[in-house]
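Atom set for the values below is all heavy atoms of this structure, side chains included, hydrogens, waters and symmetry mates excluded.
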Amino acid sequence: MKDKTILITGGAGFIGANFIPYFLEENKDVKVVNIDKLTYAGDLNNLDEVKNHRNYNFVEGDICDRELIESLFKEYNFFGVIHFAAESHVDNSIKNPGAFIDTNITGTFNLLDVAKNHWMDGPNKIKKEYKGARFHHISTDEVYGTLGEVGLFTEKTPYAPNSPYSASKASSDFIVRSYFHTYGMNVVTTNCSNNYGPKQHNEKLIPTIIRKALSGEQIPIYGDGKNIRDWLYVLDHCKGINLVSKIGKPGETYNIGGRNERDNLYIVNTICDILDEIKPSPTSYKEQITFVKDRPGHDFRYAIDASKIENELGWKADENFETGIKKTINWYINKYL
């Protein structure tokens, strides 16, 4: 991909804003154009460290605007797309599902279709100058639905999305898959478990716990706090995305998970313990924990089997939850205080 330009969508969001600086460092001869609509979830401050980078350009725009996407492909001649842009907050999808249908389904279709037309002359006919051009779609483990006490999501787990958010992501995954099977387009998909780390939006679980704890407010936990997630440190996810983009097999899906299953009670107690140690207040932060009415259709447990990416591509998570959460808390203390 030497001297080529790739399009990264949603790069001002949480994962994208961690990925772009990492990618530019790892791929010094690749240029990046980042398109982001800058909704409430996108923050250009997250990209301060690269805003003047010689290989980086930012475009404010909407992936649902097909004319804009076509004009960017003409101008920059993209050799790859890494597609993060998505509406991703489950609570918001319950209140306003329409935005999720538009961005996650129509937006993904626009990107795919424009890339196909740019790179290919027809089904299974890749233009000579675009041999190796690839579309990498970033998805979520939520498309698989929910797990009971045991078992793990693998790449062969049937899809069973339970929220408007996960249903819209499942739809986009299937559209990407269809472009491989119908047109022979070079696509890969990665489905990740719950990410955490620096630059995450304030509304998400871990930043909310840290923020409320530090401000002396009640720390809200859904239901009984027994919901389990597999937690993946965001930089580990970025390393996996970079690897799949480079050496993943066309048409394949790779699940990226941290092998760090923790329930929400463990998360909140661990954060409070660490804060009690490094930012002590007169009483333990645990006294601020409060239980609130559960989210409708709240999936009980997600957990990913990451064997495929570990065995086939040699990826593994460098952080476990206990090391990653300390780095995360320190970052948010600097932000909030």
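Between Phe135 and Tyr179, the ring centre distance reaches or exceeds 6.0 Å.
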**Request:** Apply salt bridge (charged side-chain N to carboxylate O under 4.0 Å, His left out) to Arg262 and Glu322, showing your working.
**Result:** CA-CA 11 Å; Arg262 306 287 187 274; Glu322 289 63 34; 2.9 Å; yes
**Request:** Go through Phe300 and Leu147 one step at a time and tell me if the side-chain contact (heavy atoms from CB on, under 4.5 Å) criterion holds.
**Result:** CA-CA 7 Å; Phe300 169 63; Leu147 290 164; over 6 Å; no
**Request:** Any chance you could lay out the salt bridge (charged side-chain N to carboxylate O under 4.0 Å, His left out) test for Lys37 and Asp62, step after step, and finish with the verdict?
**Result:** CA-CA 5 Å; Lys37 192 178 172 184; Asp62 187 345; 3.5 Å; yes
**Message:** Run the salt bridge (charged side-chain N to carboxylate O under 4.0 Å, His left out) test on Glu312 and Lys249 for me, step by step, so that the C-alpha distance in whole Å, both residues' side-chain angles and the decisive distance to 0.1 Å come before the verdict.
**Reply:** CA-CA 10 Å; Glu312 292 184 16; Lys249 203 173 148 207; over 6 Å; no
**Item:** Candidate pair Ile267 and Tyr196, rule side-chain contact (heavy atoms from CB on, under 4.5 Å), full reasoning
**Value:** CA-CA 11 Å; Ile267 303 286; Tyr196 70 99; over 6 Å; no
**Arg301 vs Glu261, salt bridge (charged side-chain N to carboxylate O under 4.0 Å, His left out): CA-CA, chis, key distance, verdict** = CA-CA 9 Å; Arg301 174 173 167 258; Glu261 282 188 62; 2.7 Å; yes
**Request:** Evaluate the ring pair (Phe, Tyr, Trp, His ring centres under 6.0 Å) criterion for residues His118 and Tyr130: first the C-alpha distance (whole Å), next the side-chain angles of each, then the deciding distance (0.1 Å), finally the verdict.
**Result:** CA-CA 9 Å; His118 196 78; Tyr130 295 108; 5.2 Å; yes
**Message:** Go through it in stages, so that I can follow the logic: the residues are Val234 and Gln200, the test is side-chain contact (heavy atoms from CB on, under 4.5 Å), and I'd like the CA-CA distance, side-chain angles, deciding distance and then a yes or no.
**Reply:** CA-CA 9 Å; Val234 66; Gln200 191 166 22; over 6 Å; no
**Message:** Working note: Arg259 + Ser193, criterion side-chain contact (heavy atoms from CB on, under 4.5 Å); need CA distance, chi angles, decisive distance, verdict.
**Reply:** CA-CA 9 Å; Arg259 298 191 185 275; Ser193 58; over 6 Å; no
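Taking CG of Asp36 as the reference point, atom CZ of Phe58 lies at 5.5 Å (rounded to 0.5 Å). Phe23 CZ to Lys239 NZ: the interatomic distance, rounded to the nearest 0.5 Å, is 16.0 Å. From Lys286, atom NZ reaches atom CG of Asn269 across 4.5 Å, with rounding to the nearest 0.5 Å. Atom OG1 of residue Thr146 and atom CG of residue Asp141 lie 10.0 Å apart, to the nearest 0.5 angstrom. One distance of note links CG of Asn242 with CD1 of Ile247; it measures 9.5 Å at 0.5 Å rounding. Atom SG in Cys238 sits 10.0 Å away from atom CD1 in Ile82 (nearest 0.5 Å).
Between the side chains of Asn27 and Asn55, no donor-acceptor pair is found at a separation under 3.5 Å. Between the side chains of Ser284 and Asp276, at least one donor N or O sits under 3.5 Å from an acceptor N or O. A donor atom on one side chain and an acceptor atom on the other are found under 3.5 Å apart for His83 and Thr9. When only modelled atom types and interatomic distance are considered, His137 and Ser172 share a side-chain donor-acceptor pair under 3.5 Å. A donor-acceptor pair shorter than 3.5 Å can be found between the side chains of Glu142 and Tyr302. A donor and an acceptor atom, one from each side chain of Asn18 and Tyr233, are nowhere located under 3.5 Å apart.
Under the side-chain contact (heavy atoms from CB on, under 4.5 Å) test applied with Ile256, the options Ile309, Asn195, Ile138 reduce to a single match, Ile309. A ring pair (Phe, Tyr, Trp, His ring centres under 6.0 Å) with His201 is found for exactly one of Tyr332, Phe14, Tyr40, namely Tyr40.
Atom CZ of Arg211 sits in a crowded spot, with more than 12 heavy atoms from other residues, nucleotides or ligands closer than 6.0 Å. More than 12 heavy-atom neighbours from other residues, nucleotides or ligands sit within 6.0 angstrom of NZ on Lys335. The number of heavy-atom neighbours closer than 6.0 Å to CD of Glu149, taken from other residues, nucleotides and ligands shown, is 12 or below. Annotation for Lys51: atom NZ does not count as buried by contact number, only 12 or fewer foreign heavy atoms lying within 6.0 Å.
At least one side-chain heavy atom of Ile206 sits under 4.5 Å from a side-chain heavy atom of Ile325. Residues Cys272 and Ile219 form a side-chain contact, since some pair of their non-hydrogen atoms from C-beta on lies under 4.5 Å apart. The shortest side-chain heavy-atom distance between Asp318 and Leu235 does not fall under the 4.5 Å cut-off. In this structure, Trp119 and Asn186 have side chains that are not in contact, with every pair of non-hydrogen atoms separated by 4.5 Å or more.
Panel note: side chain Asp230, backbone Ile304; a donor-acceptor pair is recorded below 3.5 Å. For the pair Arg134 (side chain) and Gly248 (backbone), a donor-acceptor distance under 3.5 Å is present. In this structure, the side chain of Asp236 does not engage the main chain of Lys316 through any donor-acceptor pair within 3.5 Å. Checked by atom type and distance alone, the side chain of Thr189 never pairs as donor or acceptor with a backbone atom of His136 at under 3.5 Å. Side chain of Thr323 to backbone of Glu319: no donor-acceptor contact under 3.5 angstrom is found. Within the 3.5 Å criterion, the main-chain N or O of Ile271 finds no donor-acceptor partner in the side chain of Tyr285. Panel note: side chain Thr106, backbone Thr103; no donor-acceptor pair is recorded below 3.5 Å. Not one N or O on the side chain of Asn104 forms a donor-acceptor pair closer than 3.5 Å with the backbone of Lys169. In terms of modelled atom types and a separation under 3.5 Å, the side chain of Asn34 and the main chain of Gly11 share a donor-acceptor contact. In this structure, Asn330 contributes its side chain and Lys326 its backbone to a donor-acceptor pair below 3.5 Å.
Closest of all the heavy-atom pairs between Asn46 and Lys199 is O-NZ, 2.8 Å. Looking at every heavy atom in both residues, Asn227 comes nearest to Asp299 through ND2-O, 3.0 Å. Heavy-atom minimum distance, Glu155 versus Tyr144: CA-OH, 3.9 Å. Contact detail for Phe180 and Met185: the closest heavy-atom pair is CD1-O, 3.2 Å. Between Phe321 and Asn260, the shortest heavy-atom distance links the atoms N-OD1, 3.0 Å. The shortest non-hydrogen separation linking Leu243 to Leu313 is CD2-O, 3.3 Å.
Transitive grouping of hydrophobic side chains (ILVMFWY, heavy atoms separated by less than 4.5 Å) keeps Tyr22 and Ile8 in distinct clusters. When the side chains of ILVMFWY residues are joined at heavy-atom separations under 4.5 Å, either directly or via intervening members, Met120 and Phe73 end up in a single hydrophobic cluster. One hydrophobic cluster holds both Ile274 and Ile221 under the rule that ILVMFWY side chains link at heavy-atom gaps under 4.5 Å. Leu112 and Phe100 fall into different hydrophobic clusters, where Ile, Leu, Val, Met, Phe, Trp and Tyr side chains are chained together by heavy-atom contacts under 4.5 Å. Residues Val143 and Val188 do not share a hydrophobic cluster, defined by chaining ILVMFWY side chains whose heavy atoms lie under 4.5 Å apart.
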